[in-house]
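Below, chains carry the letters A, B, ... as their sequence lines are ordered, and counting in each starts from 1.
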2 protein chains.
Amino acid sequence: MANTQRDVLEAALAILDEFGLADLSMRRLATALDIRPSALYWHYPNKQTLLAAVADEVLAAVPEPAVGAPWTDQLRDTTVAMRAAMRRYKDSAEVISSAYASGLITSSVGDYLVTAARAGGVTDDTAEAARTALSQFVIGFTIEQQTREQMERLKVTEPSDRDFDAEFDAGLGLIVTGIRSLSDQLV
Amino acid sequence: MANTQRDVLEAALAILDEFGLADLSMRRLATALDIRPSALYWHYPNKQTLLAAVADEVLAAVPEPAVGAPWTDQLRDTTVAMRAAMRRYKDSAEVISSAYASGLITSSVGDYLVTAARAGGVTDDTAEAARTALSQFVIGFTIEQQTREQMERLKVTEPSDRDFDAEFDAGLGLIVTGIRSLSDQLV
DNA sequence: ACCTGAACACCGTTCAAGT
DNA sequence: ACCTGAACACCGTTCAAGT
């Protein structure tokens, strides 16, 4: 039974879900599909491109913000949805960070943030800054949490008593407040 | 001539400076020191610990904020200094991100940010959120820029026309504005 | 105190050849 | 269209032994 590109992508997500990024090697992925590693290169030109596809698939769970909602809620909801999407797959924040930097990502979550910020009447520069601040924050924050979780799983660290949800809400609130404040100045 | 732990650290920084993280392997580091890879494990227990030492050394260039300066300037200056310190060594933002998450970092830059925010009279939770938002932002932002730069060096991407300095200033301004706004609410 | 030698168990990627 | 087989050039880490 021959595999499609989609089969390869789903097998990669399954490994990420179950074992994390350290175990997502081309050799291990091939074994999961019961093919030889070289066969993967028929579906994807290299590992980097495969990981970008994984990143896009993870972020595809983030919905377009509700057009009727206040623009600050759109910013909040999109950022919260990004975090929720990343938390579904172990280490996916790190995958997304690399893919984002590589420029191979096609997800439009960044555009959702820029559009929502513009709805607040801020300048284009501020809208871009809002996207940067929010996406870097949520990705960086989730990398930190997921790396901790992976280390606790491997018993190399004891469980920390940090309240990640509270820390996230506070940081998000702080950034949204900053954007709203810049918006108010323009009125 | 026997090597010290410091010699190993400096050789690692030299490789980072000249070639970047992809070339910082234990084998290559050993070759640079003219010893066998196994000898490195006398100085550091593993690569992760060595990279944490590299991260600390990079962040050691960030000065304690001037006590006389306004607290918002202390926040800005520390974040700007973190970015400047990271930009001295290729891919060091990624090294710091991992080391930060691993909990092996001992640098006190995070404390500088919390202390500065507290000077603004905000609650402890907001001060912690300020540290998280600012450090995640500057690390995430610099990872993105340094990954781009590395790819341009390898000619896998054309130079982008993004103005990273302007984007950074806008994002930083936005976060600091948010903190100040929460501080003002308390007055 | 610091290092070598040898080994173990892995990587990503290429490319001619097979069906 | 999709895959195998074989190879190339690498990894991090361990551990007994050397000086």
Base-pairing assignment for [N] (Watson-Crick or G-U wobble, both under 3.5 Å):
N	result
C/dA17	none
C/dC3	none
D/dA9	none

Round to the nearest Å and state the distance from [X] atom [atom1] to [N] atom [atom2].
X	N	atom1	atom2	value
A/Arg27	D/dG5	CZ	C1'	12 Å
A/Met26	C/dC10	CE	C1'	16 Å
B/Ile35	C/dA1	CD1	P	17 Å
A/Arg36	C/dT19	CZ	P	15 Å
A/Leu21	C/dG12	CG	C1'	14 Å
B/Leu29	C/dC3	CG	C1'	15 Å
A/Tyr44	D/dC3	OH	P	13 Å
A/Ile15	C/dC11	CD1	P	10 Å

What interatomic distance, in whole Å, is found between C1' of C/dC3 and the corresponding atom of D/dA16?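 Per the computed distance, 13 Å lies between those C1' atoms.
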C1' gap between C/dC10 and D/dA9, integer Å: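 After rounding to an integer number of Å, I get 14 Å for this pair.
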Quick test of your reading of the model: are B/Arg6 and B/Glu10 salt-bridged, counting only N-O distances below 4.0 Å?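 Answer for the salt bridge query: yes.
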Assess whether a salt bridge exists between B/Arg83 and B/Asp169, defined as any Lys/Arg side-chain N lying under 4.0 Å from an Asp/Glu carboxylate O.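 Judged by the 4.0 Å cut-off on N to carboxylate O distance, B/Arg83 and B/Asp169 do not form a salt bridge.
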[options]: which one has an atom nearest the side-chain heavy atoms of [X]?
X	options	value
B/Ser38	D/dC3, D/dC15, D/dG5	D/dC15
A/Trp42	C/dT14, D/dC3, C/dC2	D/dC3
B/Arg28	C/dC3, D/dG12, D/dC11	D/dC11
B/Ala2	C/dC2, C/dT13, D/dT14	C/dC2
B/Asn46	C/dT13, D/dT13, C/dC11	D/dT13

Regarding A/Ser25, tell me which of base, sugar-phosphate or nothing describes its non-hydrogen contacts under 4.0 Å with the strands shown.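 A/Ser25: backbone/sugar contact only, no base atoms under 4.0 Å.
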Could you check whether the rings of A/Phe168 and A/Phe137 sit parallel, tilted or perpendicular, using 30° and 60° as the cut-offs?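 Rings of A/Phe168 and A/Phe137: parallel, as their planes differ by under 30°.
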Is a side-chain donor-acceptor pair under 3.5 Å present for B/Ser181 with B/Asp184?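 Distance-only check fails for B/Asp184 and B/Ser181.
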Looking at A/Arg162, I'd like to know if its CZ atom is crowded, meaning that more than 12 non-hydrogen atoms belonging to other residues, nucleotides or ligands lie closer than 6.0 Å.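 Buried by this count: over 12 neighbours within 6.0 Å.
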OP1, OP2 of C/dA1 versus side-chain N and O of B/His43: anything below 4.0 Å?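 No.
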Look at the side-chain N and O atoms of B/Asn3 and state whether any lies under 4.0 Å from the OP1 or OP2 oxygen of C/dC3.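 True: B/Asn3 side-chain N/O within range (under 4.0 Å) of C/dC3 OP1/OP2.
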On DNA chain C, check which nucleotide each of B/Pro37 and A/Lys47 is closest to and give me the residue with the more 5' one.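 Result of the comparison: B/Pro37.
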Can you tell me how far apart CG (A/Asp23) and CD (A/Gln150) are? Round to the nearest 0.5 Å.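 It is 7.5 Å, given to the nearest 0.5 Å.
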